[in-house]
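Start at 1 with the first residue, then count along the sequence. The analysis underlying the following values was restricted to heavy atoms, covering all of them including side chains, and did not include hydrogens, waters or symmetry mates.
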Amino acid sequence: RQATTSVSNDYSQKLSQLQATVIKTIAPELANVDWNKLATEDAFEYVRLSNRARQVQETLQVHMKEVIVMWILRQTE
């Protein structure tokens, strides 16, 4: 059980790292955004970047589900 938890934690950490790398690559405009400041100072840009962040997140979720399914299929072989 401890080994399973360790593998799960490692997998989760690697997924988070991958997600951060993908966001930096495909949406560098989202890196280091001060969302609270942006919302206060430039509402239009806040909405624009929020929508972009949502689009990126949705795309990542779809791809991550595919990766997880492939991983599960390989484990059952």
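Every side-chain contact (heavy atoms from CB on, under 4.5 Å) that Ala53 has, sequence neighbours left out, goes to Leu30, Trp35. Asn32 pairs by the side-chain contact (heavy atoms from CB on, under 4.5 Å) definition with nothing, not counting sequence neighbours. Here Lys14 pairs with Asp10 under the salt bridge (Lys or Arg N to Asp or Glu O under 4.0 Å) rule; sequence neighbours left out. Taking Arg48 as the reference, Glu45 meet the side-chain contact (heavy atoms from CB on, under 4.5 Å) condition, with sequence neighbours excluded.
Screening residues 57-70 for salt bridge (Lys or Arg N to Asp or Glu O under 4.0 Å) gives Arg54-Glu58 as the qualifying pairs, with residues at least two apart or on separate chains. Screening residues 23-38 for salt bridge (Lys or Arg N to Asp or Glu O under 4.0 Å) gives Glu29-Arg52 as the qualifying pairs, with residues at least two apart or on separate chains.
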